[in-house]
Amino acid sequence: GIALPAGAEVSVQLNTYDPENGLVLGTLSNSGAMAEDYVAKMSARARGATAEVVISNTGSGRPVIRSCQVDLAVARPSMDTKTES
């Protein structure tokens, strides 16, 4: 979860094997007058040997990152390659 003070905004990006080709997952913003807690599930289908989550402060205020979790799935070989006989 992320706690955003009033007027704060963060951008969440997922980088896989090639960090130059990141996938922006979304943006969270708080336009209210009081701090808010956010829990967001963002999904992406991206292939890669590594995963890096980048959370950038794009607004005013100082967000507090309380937790971040990445769940991965391993593709079955039949989904990855096609063999011909």
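For the pair S60 and G7, the tightest heavy-atom approach, listed with the atom from each and the gap, is OG-O, 3.1 Å. In this structure, G1 and S67 approach most closely via the heavy-atom pair N-OG, 2.6 Å.
Annotation: side-chain contact (heavy atoms from CB on, under 4.5 Å) contacts of V24 (sequence neighbours excluded): S11, Q13. By the side-chain contact (heavy atoms from CB on, under 4.5 Å) test, A40 is found to be paired with L28, M42, residues two or more places apart in sequence or in another chain being considered.
A side chain to side chain donor-acceptor pair (under 3.5 Å) check over residues 23-39, counting only residues at least two apart or in different chains, returns the pairs D37-R66.
Between atom SG of residue C68 and atom CD1 of residue I2 there is a gap of 7.5 Å, rounded to the nearest 0.5 Å.
Residues L25 and V39 are members of separate hydrophobic clusters, defined by side-chain heavy-atom contacts under 4.5 angstrom among Ile, Leu, Val, Met, Phe, Trp and Tyr.
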- side-chain contact (heavy atoms from CB on, under 4.5 Å) between T58 and V10, worked out: CA-CA 5 Å; T58 56; V10 295; 5.5 Å; no

